[in-house]
Amino acid sequence: MRPSGPPAPLAITLEALTQAAVIFSMGIAIIISNVLIIATFLNARGSRDVINIYLLSLAVADLLVGVIIVPLSVYPSVVQQWVYGDVVCRLVGYLEVTLWNISVFTFMWMAVDRYLAIRKPLRYETLQTRTRCQCWMVFTWISMSMLCCPPLLGFNPPIFDPDAYVCMLNWGDMWAYSATLAILVLGPSLMTIIYTYSYIFTMWKRLRSGVPIHDKEYATALTEALANPTHVMSFVLILTFWLSWSPYIGVRLWEHFTASRLQVPFLHFALVWLGVLNSFWKGVILLSLSPDFRLLVRFFCLTVCCRGSKSRLQAELLGMEMDD
């Protein structure tokens with residue numbers, strides 16, 4: 001079903017209103033969560049933790065999902081048709097695939113950052129400078145924006161999914177492009193993530209088992225690096241992303257290779273929006289697993305509400321960074 005013009009009058013059902021309310025609530029939650037993350041990191045620009053650059057990039061991508069993509073599915077879910085025209089459908093399809101690939105690539109750089117923190121604990125700050133990490137993020141946004149542009153150029157036009165109420169690329173119509181995107185983005189990203197975190201957990205297990213490390217300076221630096229909760233936080237972020245999208249990817253692959261569509265009520269709606277909901281969980285994970293982020297949130301709140309206490313918390317923040 002391709003995007004159409006203004007819909008004919010339709011009877012609005014309770015199911016349609018419920019789905020619209022779910023989509024609308026998700027959009028609000030995604031916006032609030034990522035505005036908090038972005039405002040927190042921008043307010044703490046003096047922080048030296050370079051992983052915040054990757055987290056900021058993820059938050060910007062998720063905010064664009066909540067501001068542009070999610071709201072455009074609310075009204076179509078009520079009237080059961082796409083009402084915004086072919087051009088907007090192409091733009092939505094382009095943004096979806098671009099922002100998704102930006103997140104995948106950002107997770108890869110985050111995994112490399114955590115790997116270097118363990119592999120080269122004595123040289124980590126020299127290897128991972130803020131300027132270098134910012135350059136990687138600029139490269140990621142520019143390269144993904146160019147690599148995912150075929151929908152804007154008229155190739156592989158998006159189609160409206162009447163079950164999920166969102167315009168999406170029809171991957172089955174352009175397998176050469178789909179395979180190229182998988183080779184250039186998914187392949188390197190997944191292999192890097194698996195290798196880096198396998199190394200991190202192997203080193204953690206070796207240290208816990210008491211395997212002797214003869215270089216005492218390296219052993220001390222490695223112990224401190226492994227004690228950093230950022231490793232667990234970043235791993236949970238990556239795992240949550242893939243757990244959110246894997247059911248939808250699995251169902252789409254099954255439907256493609258079996259040439260049949262699973263006729264389960266609300267299945268496609270639930271799977272697509274389960275994946276989109278990943279854009280909200282990052283804020284919850286950061287608040288739950290990152291003491292540094294909780295401190296930065298307190299710093300942001302005091303900056304907004306209680307300016308008199310800002311200097312005290314800023315000194316506390318600087319003291320924590322010096323201890324790290």
Mark yes or no for whether [X], through its side chain, and [Y], through its backbone, hold a donor-acceptor pair below 3.5 Å.
| X | Y | result |
| --- | --- | --- |
| His268 | Arg252 | no |
| Trp82 | Gly85 | yes |
| Gln263 | Arg261 | yes |
| Asn101 | Cys148 | no |
| Asn43 | Ala39 | no |
| Trp273 | Ala164 | yes |
| Ser33 | Phe280 | yes |
| Glu255 | Leu262 | yes |
| Ser209 | Arg206 | yes |
| Ser103 | Leu99 | yes |

Report task. Decide if atom CZ of Phe24 counts as having more than 12 heavy atoms of other residues, nucleotides or ligands within a radius under 6.0 Å. Result -> no
Requested in this report: Check the surroundings of atom CZ in Arg294: do more than 12 heavy atoms from other residues, nucleotides or ligands lie under 6.0 Å from it?
Outcome: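 Yes.
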Query raised in the report: Are Leu64 and Ile30 connected in the hydrophobic side-chain network, where two residues link if heavy atoms are under 4.5 Å apart?
Result: yes
Requested in this report: Consider only side-chain heavy atoms of I, L, V, M, F, W and Y, link residues closer than 4.5 Å, and tell whether Leu55 and Val284 are in one cluster.
Outcome: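 Yes, because Leu55 and Val284 connect within a single hydrophobic cluster, where side-chain heavy atoms sit under 4.5 Å apart.
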**Report entry** Selection residues 133-150 - residue pairs positive for side-chain hydrogen bond (donor to acceptor under 3.5 Å, both in side chains), sequence neighbours left out
**Finding:** Ser57-Trp141, Trp109-Thr140
Query raised in the report: Who passes side chain to side chain contact (heavy atoms under 4.5 Å, CB included) against Leu36, sequence neighbours left out?
Result: Thr40, Phe300
Minimum side-chain heavy-atom gap [X]-[Y] below 4.5 Å:
| X | Y | result |
| --- | --- | --- |
| Val185 | Leu147 | yes |
| Ile238 | Tyr197 | yes |
| Thr230 | Arg114 | yes |
| Leu181 | Val97 | yes |
| Val104 | Trp242 | yes |

Query raised in the report: Does the side chain of Thr131 come under 3.5 Å of the side chain of Thr129 through a donor N or O and an acceptor N or O?
Result: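 No, no side-chain donor-acceptor contact under 3.5 Å.
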Query raised in the report: Taking atom CD1 of Ile68 and atom CG of Leu91, what is their separation to the nearest 0.5 Å?
Result: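 Taking CD1 in Ile68 and CG in Leu91, the distance rounds to 7.0 Å.
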Requested in this report: Please say which of Leu287, Ile32, Leu286 ends up in a side chain to side chain contact (heavy atoms under 4.5 Å, CB included) with Ile37.
Outcome: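 Of Leu287, Ile32, Leu286, side chain to side chain contact (heavy atoms under 4.5 Å, CB included) with Ile37 is met by Leu286 alone.
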Query raised in the report: Do the ring planes of Phe107 and Phe241 sit parallel (below 30°), tilted (30 to 60°) or perpendicular (above 60°)?
Result: tilted
